[in-house]
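In what follows, a structure is listed as structure tokens, so that the remarks can point back to it.
The figures here come from the full heavy-atom set of this structure, side chains too, leaving out hydrogens, waters and symmetry mates. So that the names make sense, note that chain A is the first sequence line, chain B the second, and so on, each numbered from 1.
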Amino acid sequence: MPADAGKRGRDVSANVETSRPIEPHAVETGPVLASRRALLVGGLVAASGAAVVASRAQSQATQDLTVGHDMSGGAVDPYLADDSGMAHGNMTMVGRVDHSRNGFDPTAMLTDWETGQTEVLTDGRTLRTFEVDAIDMEIEVAPGVFFPAWTFNGRVPGPALRAKEGERLRIIFRNLGSHPHSMHFHGIHSARMDGITGAGLIGPGEEFVYEFDARPFGCHLYHCHALPLKRHMHKGMYGLFVVDPDPARHPEHAAVAASRVLGSPENAEWQELAMVMNGFDTNFDGENEVYAVNTVGQVYMNEPIRIDKSRPVRIYLMNATEFDPINSFHLHGNFFDYYDTGTQLTPTLRTVDVIMQCQAQRGILEFSFADHEDGLYMFHAHQAEFTELGWMAFFDVQESGA
Amino acid sequence: MTDQSQPRRSPMTRLLLVLVPLAAMLGAFVWIASLDPLRGFNNGAPPVEALTVERTILDRSGISLRVRAGGSEAMVVAQVAVDDAYWTFTQEPAGPIARGDAVWLRIPYPWVLGEAHNVNLLSNTGATFGHEIGVAVSTPRAAWGQLRFQAVIGAIVGLLPVALGLMFYPAMKGVSRSGMNFLLALTVGLLAFLLIDTISEALELSTEAAAIFQGSAMVWLAALASFLLLMALGRWRGNPEGIALAFYIALGIGLHNFGEGLAIGGAFAAGSAGLGTFLVLGFALHNVTEGIGIAAPMLRARPTLWTFAALILLAGGPAILGMWAGSLAYAPQWSALALAVGAGAILQVMVEVTAYLLRQNADRQAALMSPAVLGGFLGGTAFMYATAALIKI
Ligand SMILES: [Cu+2]
């Protein structure tokens, strides 16, 4: 490969190197020869009138049907015992991700809200200050699969920033990475604070301070808005930006609002979880190889999320999946209320089990397992492809204190 | 200058004269290694990775792939996805795969008969290596029944047509000088077709092999080496002619048929077992010419019946051996190598038959340009081309 090819060059050349030997196997037969040998190979498959081996092919057929079939056939299936190793339970990644090496643990991320430093301004308002650094970092997105990420504060997704409606926000952003980056917040702010070129997009080694008021309340996001946008986004530069409603401003739904204010007694009732649906294109071909919630494929399959069934669950869910226009969330054995964008205090959808989110769409899910029996309840993307490439997970529902 | 004029050197001196440049060479290598001259080019880019699937086996335990690593460094298969689903797998032997090494990946995937499957291998750098299984069918086991069945097929496409061709021998016996020239030229013509066919197939196979085998260079060098070796062997006791030349032709055709058998056996191993009667017939017709070619140089000799049997075995038997070898241990690089050796053998036979043809005629120039020779050569290639086209799908 050329000496000046960078990270991208690696993957391209890897593919070029290998796709040639591998792809020509149009038919799986190993050698597919274009010359007279080809008729053997192709002809074998095609020639149904193959008198010579008709009986053999037949015996293969009976044998293969058992192989191809679902293993749930039970005792009726004479091959069940033999094929126990082929049950669909084998649909899983091999190995475990080393969270300590990554420097972040997706289970800890669920409840790890970044609330920054607060001080009271002269006018009585609260000034909340966050510090965020852009850092280049290689992360393990599936067991043994490493991805050269660009991160906010060394984690993907970036820190889940949480503030309260009406506060003054100050975000000190330092670019310690190798490329220009920014923080573009979904919220209401001035053009100067937009995080695009000329408004907070800074080069490596530079610093910028974003300042705006926390509004509207809801479940938002922030992401890098440097160009090319696709690459900066999918390399990991996004995170949740949650603004809790001020109960005083919403007297008609004060109780609901209070339950959303982090740290309030009403909020303590809830089990709140931060989830960012994302994907990783590990070979940079414009398609994701790994899908996940909070970055690591299948992590909540391997480490189910403990749920105390006596307390309701609230999920702040965001779709940061690049390359696929839509992602989805499906809960097994239960239904939930959904607050699209989280900017309402009454549900936008009631009693649903699947919601879909476009890129950058987000919302709040509320549900309860109070009347359920204990057990593992699955949740996953209802695009089967995403599910099978890593985006599936379990809630481990148990009695309180269990 | 004679040996005597050179000063006599003691064994010690002579040893030193070898050791000194050896030591210098060693020192130079150590120096180059310590210098790391490529360090200046190191831009932090990850190593180039390459992975080649050499064999695919589908059975009741799932999918097995034999993959060979060919990257700049040892590489790790971190995950395996089949049809866009991550799947468990085991690797034998486990661990990073060194450059040039091959391992078996066992994937307990419930594949579906007659359908296509896509296997995607993810390395630890996230690079992917796709392998398509076009039509999934169970890979036959190399059981005794299977081997016997392959022997029958091998005999039909290898032994039978050669024997049929040799049966023309009595009829050919009484031909005139120009008729003889025609037959020899026909032999060269059919060999010319086989040469081009064999080389192009070897080259194509070599592109499917891991880069470490250096596909086309291997093919050309192996062909050249086998050509030179067989030429030297053949000329050991003068120019081969008569029965000896017939044996060389049989050997060249036999090596070609071995390569052919390898590919058919590989197809069997890969699960595409089901040879149509029509195809077998096409092959037989195609290969009958080989028998005629073998008979041509023996027309002046008195071969025994045993000679014919030996010639048939030598020319056609390798097809059976090739099928067995191909079904038991198929890999594109070995098939390419076998075909390349066959190509070298075919070229040697072409040279020898042409030389024999020239020696048979007083006026070589005139004989070479005679209608009989040109017609025979063109007829040979055309017949091979036409029958090949007939059996092509
Ligand atoms: Cu960026």
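- B:Ser123 touches chain A through its backbone: at least one of N, CA, C or O sits under 4.5 Å from a heavy atom, while the side chain does not.
- In terms of heavy-atom pairs under 4.5 angstrom with chain A, the leader among B:Asp83, B:Thr90, B:Asp84 is B:Asp84.
- With B:Glu201 as reference, B:Asp197 is the one residue of B:Thr198, B:Asp197, B:Leu205 to meet the side-chain contact (heavy atoms from CB on, under 4.5 Å) rule.
- Considering only residues two or more places apart in sequence or on other chains, A:Ile139 meets the side chain to side chain contact (heavy atoms under 4.5 Å, CB included) condition with A:Asn102, A:Phe104, A:Met137, A:Val141, A:Phe147, A:Ala149, A:Val156, A:Phe280, A:Thr295.
- Contacts of B:Arg66 classified as salt bridge (charged side-chain N to carboxylate O under 4.0 Å, His left out), with partners at least two apart in sequence or in another chain: none.
- Of the listed residues (A:Leu389, A:Thr387, A:Asp281, A:Val145), the greatest number of heavy-atom pairs within a distance under 4.5 Å of chain B belongs to A:Leu389.
- Centroid-to-centroid, the aromatic rings of A:Phe284 and A:His234 come within less than 6.0 Å.
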